[in-house]
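A short write-up of the structure that comes next.
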Amino acid sequence: MTLAETEILLGPGRPHPAHITKGPDIDGYPYSWDGLGLVVTQRAVSGIWINLWPGSTARLPPLVLPDSESFDAQVLREELIAALDNAGCQHAVNSTLTFGRQASLITQPADVCAVFSLPGRDDHVPHRDRHYLNVIHKHTA
C-alpha cells in the first residue's frame, strides 16, 4: 500500500522529523498514528510497528484494530511467550536486539519481532525487575 493510500484510510500521519527535514523521499522512518507506526520505503508501507511502553495506554486506529479499546501496555515477556506457546507459534531469541536491559524474540516463520525492556524510573509497573513489551514490528521490504 502506498503512503498516500494509507493516509486516505487513516488520516494524515505524523512523519518522523527526518521526513520533515529531508522530504518525503527519505526511506526507513516511521509515520505515526498514536501507537501505530508505519515504516515507509519508496513512498510505500514497508513495515508496521505497534509502539508500547510499560504503564502506558496504547490506542490503534479503528481500521487497524476495529472496535478496539484502550488497554494498559503492561505485557510481560513471560506472558507473551506463554501466549505464543499456547497458540503453537514458534519463536526464538532475537540475539541482534537482546543486550543490556533489553530482550527480544522473533516469531517463525512470520519474522514478527517483539522487543522488551526493564522498566524505566518513571514507568508505573508492578514488577520493576521484569521485562515488559515495548514494541512489536514487522518489515515487509
Side-chain angles (χ1 to χ4, degrees), residues 1-7 9-141:
M1 176 178 286
T2 67
L3 176 61
E5 292 169 325
T6 303
E7 289 191 312
L9 291 173
L10 299 175
R14 292 185 319 273
H16 186 277
H19 283 287
I20 296 167
T21 303
K22 296 183 179 184
D25 289 324
I26 187 170
D27 290 340
Y29 291 95
Y31 280 73
S32 300
W33 291 263
D34 295 323
L36 173 67
L38 298 177
V39 178
V40 176
T41 304
Q42 297 180 359
R43 295 189 185 220
V45 175
S46 62
I48 182 170
W49 293 69
I50 299 174
N51 297 296
L52 308 170
W53 56 91
S56 70
T57 299
R59 180 183 301 277
L60 298 176
L63 285 169
V64 175
L65 192 60
D67 302 322
S68 69
E69 298 179 15
S70 295
F71 59 93
D72 288 334
Q74 294 187 12
V75 178
L76 290 166
R77 178 177 55 180
E78 296 83 8
E79 293 172 344
L80 183 61
I81 289 171
L84 292 172
D85 289 343
N86 288 339
C89 180
Q90 297 294 315
H91 55 86
V93 171
N94 181 350
S95 57
T96 304
L97 295 177
T98 298
F99 54 86
R101 297 174 47 89
Q102 174 174 302
S104 179
L105 63 86
I106 192 153
T107 65
Q108 299 165 339
D111 291 330
V112 173
C113 180
V115 181
F116 307 85
S117 69
L118 292 172
R121 180 180 54 221
D122 296 330
D123 294 331
H124 303 288
V125 295
H127 307 287
R128 310 265 336 135
D129 59 339
R130 295 173 72 188
H131 285 85
Y132 286 86
L133 182 62
N134 280 343
V135 66
I136 296 176
H137 62 93
K138 165 78 175 167
H139 284 278
T140 59

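Predicted model, so just to flag it, every value in this text is computed and none were measured. Along the sequence shown, residues are numbered consecutively beginning with 1.
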[X] [atom1] to [Y] [atom2] distance, which is reported to the nearest 0.5 Å:
{"X": "Glu78", "Y": "His131", "atom1": "CD", "atom2": "NE2", "result": "9.0 Å"}
{"X": "Ser32", "Y": "Leu10", "atom1": "OG", "atom2": "CG", "result": "11.5 Å"}
{"X": "Asn86", "Y": "Ile81", "atom1": "CG", "atom2": "CD1", "result": "12.0 Å"}
{"X": "Arg121", "Y": "Arg128", "atom1": "CZ", "atom2": "CZ", "result": "10.0 Å"}

Tyr132 side chain reached by Val75 side chain, heavy atoms, under 4.5 Å: no

Applying the side-chain contact (heavy atoms from CB on, under 4.5 Å) criterion to Val112, which one of Leu84, Ile48, Ile106, Thr107 satisfies it? Thr107

Return the minimal non-hydrogen interatomic distance between [X] and [Y], and the atom names on each side.
{"X": "Arg43", "Y": "Val40", "answer": "CA-CG1, 3.6 Å"}
{"X": "Phe116", "Y": "Arg77", "answer": "CE2-CA, 3.4 Å"}
{"X": "Ala92", "Y": "Gln108", "answer": "CB-NE2, 3.6 Å"}

Of all residues at least two apart in sequence or in a different chain, which pass the side-chain contact (heavy atoms from CB on, under 4.5 Å) check with Thr98? Val93, Ala103, Ser104

Start with the C-alpha gap between His137 and Val115, add the side-chain angles, then the distance that decides, and say whether side chain to side chain contact (heavy atoms under 4.5 Å, CB included) holds. CA-CA 9 Å; His137 62 93; Val115 181; 4.3 Å; yes

Is a side-chain donor or acceptor of Tyr31 paired with a backbone partner of Val45 at a separation under 3.5 angstrom? no

Short question: side chain of Arg130, backbone of Ser117 - any donor-acceptor pair under 3.5 Å? no

So, using side chain to side chain donor-acceptor pair (under 3.5 Å) as the criterion, who are the partners of Asp27 when residues are at least two apart? none

Can you name the side chain to side chain donor-acceptor pair (under 3.5 Å) partners of Glu5, sequence neighbours left out? Thr2

Test side chain to side chain contact (heavy atoms under 4.5 Å, CB included) on Gln102 and Asn134 and set out the steps. CA-CA 10 Å; Gln102 174 174 302; Asn134 280 343; 5.9 Å; no

Would Asn94 and Leu105 satisfy side chain to side chain contact (heavy atoms under 4.5 Å, CB included), going step by step from the backbone distance to the final call? CA-CA 5 Å; Asn94 181 350; Leu105 63 86; 5.5 Å; no

